[in-house]
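Right, one structure below, let's go through it.
For ligands, and for the atoms within them, numbers begin at 1 and follow the listed sequence. Throughout, residue positions are numbered sequentially from 1 according to the sequence presented. Quick caveat: nothing in here was measured; it's all calculated off a predicted structure.
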Amino acid sequence: MSRRDGVWKDECGVVGVWNHPQASRMAYLSLYAIQHRGQESAGIVTLEQGGHRIQKGLGLVAEVFDDTTLDQLKGRAGIGHVRYSTTGMNQMANAQPLQASLSNGPVAIAHNGNIVNANVIREELKAQGSIFQGTNDTECILHLIARHPSPNLVECLQQSLAKLQGAYSLTVLSHEALFAIRDPQGFRPLVIGKIPTAEGAAWVVASETCAFDLIGAQFVREVEPGEIWWVDAQGEHSVRIPRQAARSSCVFEHVYFARPDSIVFGQSVYESRKKAGRILAREFVKSGVADCDVVIPVPDSGVPAALGFAEEAKRPFELGIIRNHYIGRTFIQPHQAIRDFGVKIKLNPQSAVLSGRRVVVIDDSLVRGTTSKKIISLVRQAGAREVHLRIAAPPTIGPCYYGVDTPEKSQLIAATHSLEQIRDFVGADTLEFLSLNGLMEAVRGEKGGYCAACFDGRYPTPLFGLDEQPKGNVRGLE
Ligand code: AMP
């Protein structure tokens, strides 16, 4: 999809359940655990007697489902989806899973990632008569499968998916199987687990392992890049998508997106973030922070890196900013303007920790710079004598076209400003970023092969015009 369609920014999470007596509840809880991957719509499709039952809606998982709807989602298998989109395309037609009746039976599909050649495929499909309901790239997959002449769904999937470029981690439910599929470059995570039940093992798949912890599933393995894995009445199976490409797993999953209690691409996110903090301290321990009084994280995303930083720099770690965890998506604004209300309702710096101190503030990433600017101003208001900002990732210089909501280049402060200009904009005494080598060292697991395009501008696929600058409606730095 083009950015003008406003759909390539979707962030999402997917789950799947097979052979569980409470499939809808397992899917619901799994979605609950990965709610951070998308907060604007949620949906579950289950399989009952060869047919699909579906419930989806706008809102959080807990808002979309209740006991009654989960009871109605009968069956022993299901898939689920949570979705976030930033660009006003928050309509029901784009809520997932998408479901259709095809010649090979009912097929439901839940997708995390963005297909970069979706526009091209969409135009081809439209020319051949396909009718599209929403604006998301996932519909292309359904149409490609629908148009494929083979009665064998696995063959349809293999040949349809080989046409796609970009990121897709999918869960697919047919009338007889649950599929878990990852694009050949393995951009987004997808993992397989098992729950022992009285009637034999139930299979579960999810974007992140934290879902397995909640539902008592054992982690089995990740779906390999380019793998079509499925389970049916005969057991589990696996084939490959016939397209070769080097592994390009998203490094930003480790930097910010995934939950720290997940194992992503074979490595603990908590550990990689803490290690990033350690390396950051090592890289810059002599530049203004060696004798600081206190290291504080921007909660929650900066916490593991700040712990690592404080340990390495041998400085005290304190919670200098307290986060309110009970903020809904809307709150009633005060009639009279309160200074910094927007950020204060979420993050409140405490004078008890900050007053008169030389403070190092650690955050996971800096994108527009507007959050850091507000935080630093509040930390100063709370009495900090010096504020040194350290970012546990390199400067963000490029948008993501593979499923993370990074804004377009004109809004990325590091794409257009020098380090000194950014420091001046955010109002810090000093500012340093983790080097790209440092980040790669922090995330180096057994698998390797990362996409770091948001930090180095090296996109591992063609972009099919997605990188053309949109006309109008570009917000400047606030
Ligand atoms: P800013 O520099 O004001 O754009 O805000 C950067 C902060 O937003 C980072 O410290 C992250 O904690 C958070 N962040 C980074 N990427 C994203 C994203 N894709 N969606 C939501 N928040 C993000």
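Heavy atoms of V298 found under 4.0 angstrom from ligand 1: none, in either backbone or side chain.
Considering only non-hydrogen protein atoms, atom 2 (O) of ligand 1 sits nearest to G369 N, 2.7 Å. For atom 12 (O) of ligand 1, the nearest non-hydrogen atom of the protein is D364 OD1, 2.7 Å. In this structure, atom 22 (N) of ligand 1 lies nearest to the protein heavy atom Y256 OH, 3.0 Å. Among protein heavy atoms, atom 4 (O) of ligand 1 sits closest to R368 N, 2.8 Å.
Closest heavy-atom approach to atom 3 (O) of ligand 1 among the candidates T371, I391, D405, L366: T371.
A donor-acceptor contact under 3.5 angstrom links the side chains of R390 and T430, judged on distance only. At a cut-off of 3.5 Å, with distance as the only test, a side-chain donor of Y402 or T461 sits close to an acceptor on the other residue. Side-chain polar atoms of Q96 and T138 form a donor-acceptor pair below 3.5 angstrom.
In terms of heavy-atom proximity, L366 sits nearest to S372 at CD1-OG, 3.5 Å.
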Are R273 and D364 close enough, and set up right, to give a salt bridge (Lys or Arg N to Asp or Glu O under 4.0 Å), and what steps lead you there? CA-CA 8 Å; R273 287 185 191 162; D364 62 283; over 6 Å; no

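Close approach of ligand 1 to F252 is summarised as follows: ligand atoms under 4.0 Å from at least one heavy atom of the residue are 15 (C), 16 (N). Less than 4.0 angstrom separates some heavy atom of E11 from each of these atoms of ligand 1: 18 (C), 19 (N), 20 (N).
At a 3.5 angstrom cut-off on N or O pairs, S365 counts as close to ligand 1. The N/O atoms of D363, backbone and side chain alike, include one that comes under 3.5 Å of an N/O atom in ligand 1. Polar contact with ligand 1: absent for V404 (N/O pair, distance under 3.5 Å).
When side chains are defined from C-beta on, K346 does not count as touching N324, because their heavy atoms never get closer than 4.5 Å. Taking 4.5 Å as the limit, some side-chain heavy atom of F252 sits within range of a side-chain heavy atom of S365.
In this structure, Q133 places its CD atom where only 12 or fewer heavy-atom neighbours from other residues, nucleotides or ligands lie under 6.0 Å away.
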